[in-house]
Amino acid sequence: MSTDSIVRIASLKDVSRFQSHVKSLGVEIPCDQEILIGPDSPLRQSLTRGPFTIGNHIAIHPMEGWDGTPDGSPSDHTIRRWQRFGRSGAKLIWGGEAVAVRHEGRANPNQLLAAPHTKKHLAHLREVLIREHIATTGSANGLLIGLQLTHSGRYCRPNSSGRAEPRILYRHPILCRRLGLPDDYPLLTDSEIESIIEDFHRAAVMAHELGYDFVDVKHCHGYLGHEFLSAHTREGRYGGSFENRTRFLREIVAGIRSLAPGLHIGVRLSAFDTIPYHRDPNGKPIGIAESNPDLAPYRWGFGVNRHDPTQPDLAEPIEFLSLLETLGIHLVNITAGSPYYNPHVQRPAIFPPSDGYLPPEDPLVGVARQMDATRQLKKKFPNLLLVGTGYTYLQDYLPHVAQAAVRDGWTDFVGLGRVVLSYPEILWHATEGANLQRKLVCRTFSDCTTAPRKGLPSGCYPLDDYYKDSPEAEKLKILKQG
Ligand SMILES: Cc1cc2nc3c(=O)[nH]c(=O)nc-3n(C[C@H](O)[C@H](O)[C@H](O)COP(=O)(O)O)c2cc1C
């Protein structure tokens, strides 16, 4: 499939045409004709479950900006982004952005860090967010704010955006080759893992002291927590059996419960995955799955069908959600895949970032895949609070789909990712009855990923004047031409 043959969402003139287009693709995406307003909107109603009362069904996903200072503190760009998270009107702020629990675990030299010297800055981010949130919604009632804690594992680049410094749990036959790692590249030892677990404890205690309502123990997108779940071939306490592969999570949770009682815990999970994709070396650079008969059955994924690793398998993710329930974790954010090796699965887009490939499917198929997985999990776990992901590509019809998905019980919360960079208030405006500002609707140009891949801060360069008019925009233009 090439970009030219994909029907542009902006070219579909009304909801009926969008609905027929979805149907023609043979996928199911619920979509309402009319947007309900104010308290009539399913998106605006508050939700009480267990210890939580959350003021509406709108969530903001964690969105990092590659724009912190070298010591891991926020910059003015970061502060502005968190203000805009608040301005969205969403009552569930899922993590803000990835915050590394130690320097060597940072995904880039500009990632935020949870450390004593950044403490007051992490407090400030929360405060500015709340202030803006009150300006939009009138009050902070029912607002739940988390901090996403992470170690980037295989994708650590703490010291220079040009230098990978991977910390890996096992040898992955495709990903180790892509990173150029020799066969004797060191694996994280069990005692190094124990010390990373202690970092998570320290960071969670800090988040609690700062007034964050929960921490997200990140298990997605190929980073360390997610890599544990696929560590089938690792030996020892942290690999092999399901019990061993979830020991990292259980030990982090046990420590947080004893050191920061009262702090809630959430988990962002790549609930399914596929074998890594790459550009087709022949012809157009469309994404194709790396196929290799030596890799069957496939033992290096989580939520992947071993016999056809291009397909999801939710059996283990279901077991994982049962474990979360047993551990008293009720907040779960469902995402998929990884931005590094199957971006079309993780964030459906029509235009690839600089390190991506042309979409191998209509991006709406990717949206439907994530929505369907969340629906299946929601059915099995009615008591969990699930956040759905992958809605940005719906563009002008995001509000129609979001309303239907929440009303029909496909998800508890609709999470906003890329669109929050260009148009944070999209669902707030829609449910106020205001016309959408179409010029702010994200069209998935992927500059928010291309910019950081080229060493620049992330942001919406095409649509947000703050970035459009910045010196970085000029640099990005030149780098893209190069
Ligand atoms: C620029 C950028 C930054 C992101 N930062 C994070 C992050 O810090 N933590 C995380 O879990 N996901 C992160 N993501 C993934 C998004 O939260 C989300 O899963 C993805 O964009 C798909 O949702 P969407 O279709 O609404 O964009 C990021 C994505 C982008 C494009």
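On a predicted model such as this, the values are computed, not experimentally measured, just so you know. First listed ligand is number 1; within each ligand, the first listed atom is number 1. Note that the numbering runs from 1 along the sequence shown for the chain.
Screening Ile54, Ile58, Val406 against Phe413 for a side-chain contact (heavy atoms from CB on, under 4.5 Å) leaves a single residue, Ile54. Evaluated for a salt bridge (Lys or Arg N to Asp or Glu O under 4.0 Å) with Asp447, the options Lys480, Lys477, Arg453 yield exactly one hit, Lys480.
Asp464 and Tyr423 form no side-chain donor-acceptor contact under 3.5 Å, judged by distance and modelled atom types alone.
In this comparison of Arg268, Glu97, His61, His219, the heavy atom closest to atom 10 (C) of ligand 1 sits on Arg268. Of the candidates Arg347, Arg418, His221, Arg418 brings a heavy atom nearest to atom 27 (O) of ligand 1.
With respect to atom 1 (C) of ligand 1, the closest heavy atom belonging to the protein is Ser458 OG, 3.3 Å. From the protein, the heavy atom lying nearest to atom 7 (C) of ligand 1 is Pro62 O, 3.4 Å. Among all protein heavy atoms, the one lying closest to atom 8 (O) of ligand 1 is Ala98 N, 3.1 Å. Nearest protein heavy-atom contact of atom 9 (N) of ligand 1 is Gln148 OE1, 2.8 Å. Of all protein heavy atoms, the one closest to atom 2 (C) of ligand 1 is Met63 CE, 3.5 Å.
Ligand 1 has no nitrogen or oxygen under 3.5 angstrom from a nitrogen or oxygen of Cys448. Geometrically, ligand 1 and Gly415 share no nitrogen or oxygen pair separated by less than 3.5 Å. In terms of polar-atom proximity, defined here as any N/O pair under 3.5 Å, Glu64 does make such a contact with ligand 1. Backbone and side-chain nitrogen or oxygen atoms of Thr392 are examined, and one is located within less than 3.5 angstrom of a nitrogen or oxygen of ligand 1. For Gly417, a nitrogen or oxygen atom sits less than 3.5 Å from a nitrogen or oxygen atom of ligand 1, counting backbone and side chain alike.
Ring centers of Tyr467 and His77: under 6.0 Å apart, within the cut-off. Checked against the 6.0 Å centroid threshold, His133 and Phe85 do not count as a close aromatic pair. If you look at Tyr238 and Phe248, their ring centroids are not closer than 6.0 Å.
The aromatic rings of His219 and Phe320 sit tilted, their planes meeting at an angle between 30° and 60°.
In this structure, Thr150 and Ala98 approach most closely via the heavy-atom pair CG2-CB, 3.8 Å.
Heavy atoms from both the backbone and the side chain of Gln346 come within less than 4.0 Å of ligand 1. Proximity of Trp94 to ligand 1, defined as any heavy-atom pair under 4.0 Å, is not found for any part of the residue. If you look at Val419 next to ligand 1, there are no close heavy atoms at all, none under 4.0 Å.
Electrostatic pairing of Glu425 and Arg84 does not count as a salt bridge here, judged by no charged N lying under 4.0 Å from a carboxylate O. The pair Arg81-Glu64 fails the salt-bridge criterion, with no side-chain N (NZ, NE, NH1 or NH2) lying under 4.0 Å from an Asp/Glu carboxylate O. Under 4.0 Å is where a charged nitrogen must lie from a carboxylate oxygen, and between Asp199 and Arg202 at least one such pair does.
Listed by number with element, the atoms of ligand 1 under 4.0 Å from a non-hydrogen atom of Thr449 are 31 (C). Atom numbering of ligand 1 starts at 1 in the shown order; those under 4.0 Å from a heavy atom of Lys218 are 9 (N), 10 (C), 11 (O). Close contacts between ligand 1 and Thr389 involve ligand atoms 19 (O), 22 (C), 23 (O) [criterion: under 4.0 Å to a heavy atom].
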